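Worksheet: the structure to be examined is printed underneath.
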Amino acid sequence: MNEVTSSSELKSSFLKTVIDRGFIHQCTDLSELDERCSNGTIAAYVGYDCTADSLHVGSLVSIMLLRHFQKCGHKPIVLMGGGTTRVGDPSGKDESRQLLSDEKIAQNMAGIKKIFEKFLVFGDGPTDAVMVNNADWLDKLNYIELLRDYGRHFTINRMLSFESVKSRLDREQPLTFLEFNYMILQAFDFLELARRQGCSLQMGGSDQWGNIVNGVELGRRVDSKSLFGLTVPLLTTASGAKMGKTASGAVWLNEDRLSAYDYYQFWRNTEDADVGKFLRLFTELDEAEVKRLESLPGAEINEAKKVLAFEATRLCRSEIEAHTSAETARQTFEQGQVAVDLPTFEVQRSSLEGEGVFAYELLCLAGLTSSNGEARRLIKGGGGRVNDKGVATEVAKVTADAANEDGLIKLSAGKKRHALLKLI
C-alpha cells in the first residue's frame, strides 16, 4: 500500500497522466498496476450511491479520473448504488444517513445517470463505458449465505481499525449494524464486477480506502484474483473549505439543479492559490498551458480563472453554455450591464406595486441567500444591492419602479453573486 507522488518510473499513459495532474493519493500495488495498464486494456469502476438526484462538484475528481482512464485506452465502469444506497456508507459521516424509499432511489439514479454522458463514451466496444446497478446482485443475496461464504473473510478487529469506522467511534457517534455491513457489501461489489465485467481496479475517494482494500483482499481470498485499489485525494480549497460547498449550498453538476452561469461563476471565483491545481484536475489543458496560466502575476490571474471557468463549464454543460456564461459574466462585471442570461426569477408586477416588497425577501426569493434572516444580515453588512446600489436598511423595500424597460430588477449578494427578477 503506497502513497503516490511521482510518475517518473512508470510506463502506462494513464498512471503517468493522472499522477502528474494530481489525481492519485494511494494505490495498493502501483508497480503491478502500471504493468497491467501498459500491457493492454483493463476495466475499472467507481461507485456512486444515489442519495440525491444529482452529483455535486465533489464527485468531479473521480468522474474526470474515469474520463482520463477511457481516453488512455481502458474501460470505465460506472456503478450505480441502487443496493448500497439502502444501507448508507458511514465513511466521513457523523451520523446515520436518512434511509430512502426504493422509488426515491430510482428517481435519484435517473438524475445522476445524465451527467456521465457528458464525460464518457458509452457503448459495446472494448473501451466503451458501461453503467451497472449493484441492486442487480445485492437484491438477490441470501443473508445466511453471505455470512457463510463472505463474512468469514472479515474480522471485527480489522473492520474497527479502518478510519471510516474508527473516526466515528472516536467521536462517540453511533454506528449502526446496518452501516457496519456497508464495507462487506462494497467488497462484494468489487468481487462481483471482477466476475461479471473482468474488472480489476476500483477507484474512489481517499475516505474509501478501507472499503477498497477489503474488496481487493476478498477477491484474492475467494477467487484468487489479483485486484487493485486506487484513491484520489479529498479536496479542500486553499483556505481549508470543503470542495464543492459554498455559502448557498452544494455546487450541483446537473443543469436542473444549478444554472450554467452559476456553475461558471463557481469556478470563476476560485481562490488564487487553487487555480493551478484546479486547472490540472478539472480541465484537459496540457501542462505547459497550465504552468503559463498559474504563473500569471497579480490581477492577471483572473484571466486564468476565466479559462478554468470556461473549460470546466464546457465539459460539464456544453461549449455554447460556456460561451454564454462567459459573456454574461463579462457584461455583468466588466460593463456593468444587466445581462439577461443571469439566473432569472419571475414575480408578479402587482406584488411590487404600491409599498413594494422588502429587499431581504427578494434576495431570498432569488436564491442569493438561504433565509430571510441571512438576507437581513447581508444587507446590514453592506452586501445587499439592488440595481448595483446598496440597500440602505434591513427594512428597505423595492417597488415596481425599480424595474428597467424590460421589466428586470438586478439583485446582488456581494460583488460576485447576482440574479434577476422579471416582473410579469
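Side chains included, hydrogens not; waters and symmetry mates left out as well; all remaining heavy atoms used. It should be emphasised that the depicted structure is a prediction, and the values quoted were computed from it without experimental measurement.
N254 and D53 get closest at one heavy-atom pair: ND2-O, 3.5 Å. The minimum heavy-atom distance linking E294 with G276 is given by the pair OE1-CA, 3.2 Å.
A centroid separation of 6.0 Å or more is found between the aromatic rings of F122 and F116. Side-chain rings of F310 and H323 approach one another, their centers coming within less than 6.0 Å.
At a cut-off of 3.5 Å, with distance as the only test, no side-chain donor of Q186 or D189 sits close to an acceptor on the other residue.
In this structure, M109 CE and D49 CG are separated by 9.5 Å, a value rounded to the nearest 0.5 Å. Summarising the geometry, atom CG belonging to L285 is positioned 9.0 Å from atom CG belonging to L308; distances are rounded to the nearest 0.5 Å.
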Derivation and outcome, salt bridge (charged side-chain N to carboxylate O under 4.0 Å, His left out), residues K75 and D128:
CA-CA 6 Å; K75 187 177 187 67; D128 287 341; over 6 Å; no

Yes or no on side chain to side chain contact (heavy atoms under 4.5 Å, CB included) for V216 and F228, after CA distance, side-chain angles and deciding distance?
CA-CA 6 Å; V216 171; F228 303 90; 5.6 Å; no

Run the ring-ring contact (aromatic ring centres under 6.0 Å, His included) check on H68 and F14 step by step: do they pass?
CA-CA 7 Å; H68 285 294; F14 167 65; 8.0 Å; no

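Under a 4.0 Å N-O distance rule, the pair K305/D272 qualifies as a salt bridge. Of the charged side-chain nitrogens involved, none lies within less than 4.0 Å of a carboxylate oxygen, so that R21 and E287 do not count as a salt-bridged pair. Contact check on E145 versus K140 returns no salt bridge, with no Lys/Arg side-chain nitrogen under 4.0 Å from an Asp/Glu carboxylate oxygen. Salt bridge annotation for E374-R377: absent, with no cationic side-chain nitrogen under 4.0 angstrom from a carboxylate oxygen. For the pair R86 and D102, the salt-bridge criterion is met [side-chain N within less than 4.0 Å of a carboxylate O]. Salt bridge annotation for R330-E327: present, with a cationic side-chain nitrogen under 4.0 angstrom from a carboxylate oxygen. In summary, D274 and K277 engage in a salt bridge, as defined by a charged side-chain N under 4.0 Å from a carboxylate O. Using a cutoff of 4.0 Å between basic side-chain nitrogens and carboxylate oxygens, E346 and K422 are not scored as salt-bridged.
The number of heavy atoms from other shown groups lying within 6.0 Å of CD1 (I424) is above 12. Within a 6.0 Å sphere centred on NZ of K11, other residues, nucleotides and ligands contribute more than 12 heavy atoms.
Between F358 and Y360, the two ring planes are parallel [angle under 30°; tilted spans 30° to 60°]. A perpendicular orientation is assigned to the rings of Y150 and F188, their planes being inclined by more than 60° (bins at 30° and 60°).
Figure legend: R317 and Y263 shown as a cation-pi pair, the cationic atom lying under 6.0 angstrom from the six-membered ring centre and within 45 degrees of its axis.
N133 places a side-chain N or O within donor-acceptor distance of the main-chain N or O of G82, the cut-off being under 3.5 Å.
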